[in-house]
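Written below as structure tokens is the structure these notes are about.
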Amino acid sequence: MKRTLMVAMLVAAFSFVFSQPTSIGVHAQTGKPGPEHKRLEVFVGSWTYVADLKPGIFGPAGKCTGVERFQWLPGEFFLQMNREGKCPGGDLRETIIFGYDPVNKRHTGTLFDLASGGSTSATLTTSGNTWNWAGTGYTGEGRGFQERCTLTFAPGGGSSSLTCEIATDGKTWTPSWEAKYTKSK
């Protein structure tokens, strides 16, 4: 009788523990994206770009052309951008995951350079139609840098312009990238 009672109590305890919501399992509670997440909606879609790459740690100067595709990841808490392009130094392939940090109340972005192995972590701020990116990263060769970019959407959201600057010493900022974007229909 004691053994049966002990087994029943263990089964009940395990059932309780494994039925509780977790942050990683199939029982995880799901919330809904908030207005901060929905603010990223302006990026969704496919954008072509023409850019002027300045000489520096990202390669030689010249014209870059390509496409950026933005799509929501399942749950719509994170937005994924895939960038492909042709630049003077070769093919450009990057992925950025955008999200919202509810603790620090700001948007975030993490860039992965799929062609070289570099990456950048950034915070984003917004004001009207303007988004500002402030990041710290390293190239595939291990060279560290800071980056700041300003993206401005034209009224109606069908086009945008981007300017970026880079500092390899944390003090001296130089232009690195200027681009015009057009959203595909």
Exercise for review: May I ask you to decide if the ring planes of Phe98 and Phe43 are parallel, tilted or perpendicular, using 30° and 60° as cut-offs?
Suggested key: parallel
Check your understanding: Side chains of Trp72 and Glu41: donor-acceptor distance under 3.5 Å anywhere?
Key -> yes
Exercise for review: Scan Thr123, Thr150, Thr126 and name whichever one has a side chain to side chain donor-acceptor pair (under 3.5 Å) with Asn132.
Suggested key: Thr150
Review point. So how far is it from Arg83 CZ to Leu92 CG, rounded to the nearest 0.5 Å?
Key: 6.0 Å
Check your understanding: Under 3.5 Å, is there a donor-acceptor pair between the side chain of Asp169 and the main chain of Lys171?
Key -> yes
Exercise for review: Classify the angle between the aromatic ring planes of Tyr49 and Trp177 as parallel (below 30°), tilted (30 to 60°) or perpendicular (above 60°).
Suggested key: tilted
Practice item. Give the C-alpha distance, both sets of side-chain angles, the deciding distance and a yes or no for side chain to side chain donor-acceptor pair (under 3.5 Å) between Thr95 and Asn82. Key: CA-CA 5 Å; Thr95 293; Asn82 293 307; 2.9 Å; yes
Review point. Is there side-chain contact between Arg39 and Tyr100, with at least one heavy-atom pair below 4.5 Å?
Key: no
Review point. Does Glu36 offer a backbone N or O that forms a donor-acceptor pair with the side chain of His107 under 3.5 Å?
Key: yes
Review point. Taking the side chain from Lys180 and the backbone from Thr48, do they hold a donor-acceptor pair closer than 3.5 Å?
Key: no
Practice item. Output yes when a side-chain donor or acceptor of Glu147 lies under 3.5 Å from a complementary backbone atom of Gly135, and no otherwise. Key: no
Check your understanding: More than 12 non-hydrogen atoms from neighbouring residues, nucleotides or ligands closer than 6.0 Å to NZ on Lys38, yes or no?
Key -> yes
